[in-house]
2 protein chains.
Amino acid sequence: MKRIAESTVRRLSLYLSFLEGIDRQGLKTISSDELARLGGTTSAQVRKDLSLFGSFGKRGLGYSVPELSGKLREILGLGKQWRVCIIGAGKIGAALARYRGFAERGFNVTAVYDSDEAKIGKRWENLTVRPISELEKDATKQDFDIAVVATPAENTPAVVKQVVRAGIKAILNFAPVQLSVPSDVTVRNVNMAMELEGLSFALSNRSE
Amino acid sequence: MKRIAESTVRRLSLYLSFLEGIDRQGLKTISSDELARLGGTTSAQVRKDLSLFGSFGKRGLGYSVPELSGKLREILGLGKQWRVCIIGAGKIGAALARYRGFAERGFNVTAVYDSDEAKIGKRWENLTVRPISELEKDATKQDFDIAVVATPAENTPAVVKQVVRAGIKAILNFAPVQLSVPSDVTVRNVNMAMELEGLSFALSNRSE
DNA sequence: ATTAGTTTGTGAACTAATTCACAAGCGCCA
DNA sequence: TGGCGCTTGTGAATTAGTTCACAAACTAAT
């Protein structure tokens, strides 16, 4: 399959969330034009995005809302259940472990790790914090799909090395560092400082 | 000034964080090549990014670490102090209000708003939760630069309308909806579901 | 059955972003 | 001072992403 741009995947996510809203409103079909309006893009963009995966619409009519939802869910790999471990039992880790939206979408947090002796063994939601040194061994049994890395910047490179050695192929990284991983490991970064600096830049450079 | 791409601004943030690390190690200069290696990009990209704002390097030598840090800070509008209000006194809002990194970088949270009667008046860190209906009035005195929107999806459009009416020109949006704002308002979205779906997509479509 | 009115799917055209590649500048050393 | 080794800054070339524009397909109405 042709390489799909990250921007395309983000838009597919967005379309799916719109479709879920539209579906709740009880509407049965939607046009690329309407979807574009909701997503702040163009109808051609919407059609091009979808056409990368097949042709799901009916000319003159638009797209069936439930059908397109289903297709997008399939394309995005939802429907499957994913096993997620959280690395770093700090504030962000805690917030994430409590986040209901995870499980709703098929992302099941099945373990929490930390390197801090003081935290190991503590109960956490319905999980017990385990030592990061056990990750590689555990992974052979639990077969994690995704690691959420929420560790202090300085520990992160070492932690990520262990995640990679454990054979995990997808990382959601909250640490404010750039991860260096083999090319078969996918990383998404969530970096608050960067977002704020983006706003700061915009505010500082308006109308020049 | 020429329009600067968001991807460029993100990289500038990244370079700055590397420079801060390099500076702590006590190194005085750095080449575009080294910066590129850290950021997972190419040296040409680094130089092109910087050249949009001036020429900060010395041929044969590279860039002075403190000088380039300073320039980047200036470009990104750090150094200034920004007034930030948080809208939505829920879990995300709470985590953000407690986040130390905000103030360190000049982002000062000076108010928290919510529409829930039960929350209004409660103390929160060193702030008191105020009714969102007062935002517009408060803004004339406090002059907020940035609004952090962390409200439930269904309330968000109404909330954002009030933020815009209050004259705030930058929004960091945590709600999983697409905001519709005038073109002079800058929005950055942080959307966990979207990031997870990106990983799910990558896992589902490996090596095709 | 024909026509009018929509809306898709997709090459082609365009625009934006990245990478190449090299002249020019700088420090160091003899 | 001249030559060598490095590294920048930047047009030109390339690659990636978006938008245009239109034939084809579908519905509904007459």
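In what follows, chains carry the letters A, B, and so on, assigned in the order in which the sequence lines appear, proteins first and then strands, with residues in each chain numbered from 1.
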B/Gln45 CD to D/dA16 C1', in whole Å, measures 13 Å
Self-check item: Phosphate OP1/OP2 of D/dC6: any B/Tyr63 side-chain N/O under 4.0 Å
Solution: no
What donor-acceptor contacts under 3.5 angstrom involve side-chain atoms of residues 19-26 of chain B, with partners at least two apart or in another chain?
residue, atom, partner, partner atom, Å
B/Glu20, OE1, B/Arg105, NH2, 3.1
B/Glu20, OE2, B/Arg73, NH1, 2.9

For residues 92-104 of chain A, the salt bridge (charged side-chain N to carboxylate O under 4.0 Å, His left out) pairs (sequence neighbours left out) are A/Arg98-A/Glu125
**Report entry** Distance-only donor-acceptor test, B/Arg59 side-chain atoms vs D/dT7 base atoms, 3.5 Å
**Finding:** no
| message | So, OP1 or OP2 of D/dT7: does either fall under 4.0 Å of a side-chain N or O from B/Ser31? | response | no
Taken to the nearest whole Å, CZ/A/Arg10 to C1'/D/dG17 is 16 Å
A/Asp33 CG to C/dT6 C1', in whole Å, measures 11 Å
note: B/Lys58, atom NZ; C/dC28, atom P; distance rounded to Å ~ 12 Å
Open item on the list: Taking only side-chain N and O atoms of B/Arg47, does any of them lie within less than 4.0 angstrom of OP1 or OP2 on D/dG9?
Closed with: no
Query raised in the report: For A/Ser32 and C/dT8, is the shortest distance between a side-chain N/O and OP1 or OP2 below 4.0 Å?
Result: yes
Quick one: is A/Ser7 getting a side-chain N or O under 4.0 Å of the D/dG17 phosphate, OP1 or OP2? no
**Request:** Identify whether any heavy atom of B/Ala44 sits under 4.0 Å from a base atom; if not, whether one sits that close to sugar-phosphate; answer base, sugar-phosphate or nothing.
**Result:** base
Rounded to whole Å, the NZ-C1' distance (A/Lys48 to C/dG11) equals 7 Å
Side-chain N or O of A/Arg11 versus OP1/OP2 of D/dT18: is the shortest distance under 4.0 Å? yes
Rounded to whole Å, the CD-P distance (A/Glu6 to D/dG17) equals 10 Å
Comparing nearest nucleotides in DNA chain D, the 5'-proximal residue of the pair A/Asp49, B/Ser51 is B/Ser51
Fill in: Enclosure of B/Lys169 NZ (heavy-atom neighbours >12, cutoff 6.0 Å)
yes
Is A/Lys80 atom NZ crowded by more than 12 heavy atoms from other residues, nucleotides or ligands, each under 6.0 Å away?
yes
Partner of D/dT30 under the Watson-Crick or G-U wobble criteria, both distances under 3.5 Å, comes out as C/dA1
For this session: Indicate the ring-plane relationship of A/Phe102 and A/Phe107, choosing parallel, tilted or perpendicular according to the 30° and 60° boundaries.
Result: tilted
Rounded to whole Å, the CZ-P distance (B/Phe53 to D/dG9) equals 14 Å
Separation of D/dT7 atom C1' from B/Arg37 atom CZ, nearest Å, is 16 Å
